[in-house]
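Nothing fancy with the numbering, it's 1 onward along the sequence.
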Amino acid sequence: MGDVIVVGSSNTDLVLNVPDIPKPGQTLSGSSFNTTGGGKGANQAVAVARASTSDQKTYFVACVGDDDLGVSALKSYTKEGIVTDYISIEKNVSSGVALIFVADSGENSIGINPGANGRLSESHLAAAGDAIAGSDVMLTQLEVPISTVMTALGMARASGTKTILNPAPAAELPAEMFALLDYFTPNQTETEMFTGVFPDNEESARKAAKILLSKGVGNIIITMGSEGSFCMNEDIAEFVPALKVKAIDTVAAGDTFNGAFAAAIARGEELISALNTATVAGAIAVTRKGAQESAPYLEEIKEKL
């Protein structure tokens, strides 16, 4: 069926536009304020849902607090067509929140409270066991406890569900985790952290990818921003160039890329085809403002392809 299950974080972004980033003790009047959905898990789940066909399902395993932000997030995910049966409403804890100051210069300052995201545990995964086993692909990240991510990957691998890890935000990973990954999608900074090699061209990307393959990963996809992406497995090594577009907001571009890639792999696209789909989705996203709202629908991706 091409179903995807996303395990990860759910945040609400509270964004205030100000002339400058406030200094300690300083109060500034903002020019605008908005509340938007965020969290890498949620961003990717929305991207998956929008990049899927009508017969593909998107499941989301996450935790929100028993507050207005959690209720609003659930309504938003349902509106996107995401199956929310495995999103837990946690008592006596706030939903994940990011407080963001954006200066007129474009500089930003961000404070994050993980809130309910820190409670995502093995028990939540157990409740979603049938959905994990029944999905074609699991996509996860690192904004929830790493022990939970490790368990999720192990459950997926045991059931034959393909695994994708987007290692963001970057963190040290257990050595045994790499062998559980069918697809590993680090960006340049994350790649350097895991390999000691900064991939700024095809030659250095190839070197870094070989190191990651030696750790047990099945397929490496190194994202290199406006340059494109480099993929490698035992059979192929290929650079996929980015589309040239005028970017106005790169927030969640990586999440959109990963979500579209997961949806494409789940419905049976080959690696390079799925990367082309993801590349187009990411390119469209950076031409729009916002995180989840910038993710394109499949019809838009197909038209650009």
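A donor-acceptor distance shorter than 3.5 angstrom exists from the side chain of Glu190 to the backbone of Asn187, with no hydrogens or angles considered. At least one donor-acceptor pair under 3.5 Å links the side chain of Asp136 to the backbone N or O of Asp3. Between the side chain of Thr161 and the backbone N or O of Ser135 there is at least one donor-acceptor pair closer than 3.5 Å. Between the side chain of Ser214 and the backbone N or O of Ile211 there is at least one donor-acceptor pair closer than 3.5 Å.
In summary, of the residues considered (Thr277, Thr279, Val280, Asn166), a side chain to side chain contact (heavy atoms under 4.5 Å, CB included) with Phe257 occurs for Thr279 alone.
The side-chain heavy atoms of Thr163 and Arg157, taken from C-beta on, include a pair separated by under 4.5 Å.
For the residue pair Ser94/Asp67, the side-chain donor-acceptor check at 3.5 Å is not satisfied.
When all heavy atoms of Gly218 and Asn233 are compared, the pair lying nearest together is O-CB, 3.4 Å. Shortest non-hydrogen contact noted between Ser273 and Glu269 is OG-OE1, 2.9 Å.
In the hydrophobic clustering of ILVMFWY residues, with side-chain heavy atoms under 4.5 Å counting as a link, Ile5 and Ile265 come out apart.
Taking the six-membered ring where the residue is Trp, Tyr86 and Tyr59 present tilted rings, their angle falling between 30° and 60°.
Taking a 6.0 Å sphere around CD of Glu203, one finds it holds 12 or fewer heavy atoms contributed by other residues, nucleotides or ligands. Within a 6.0 Å radius of CD in Glu122, other residues, nucleotides and ligands contribute more than 12 heavy atoms. Environment of CG in Asp104: crowded, with over 12 heavy atoms of neighbouring residues, nucleotides or ligands closer than 6.0 Å.
Residues Glu202 and Arg206 are paired through a salt bridge, judged by an N-O separation under 4.0 Å between the basic side chain and the carboxylate. Taking the charged nitrogens against the carboxylate oxygens, Arg119 and Glu90 do have a contact shorter than 4.0 Å, which makes a salt bridge.
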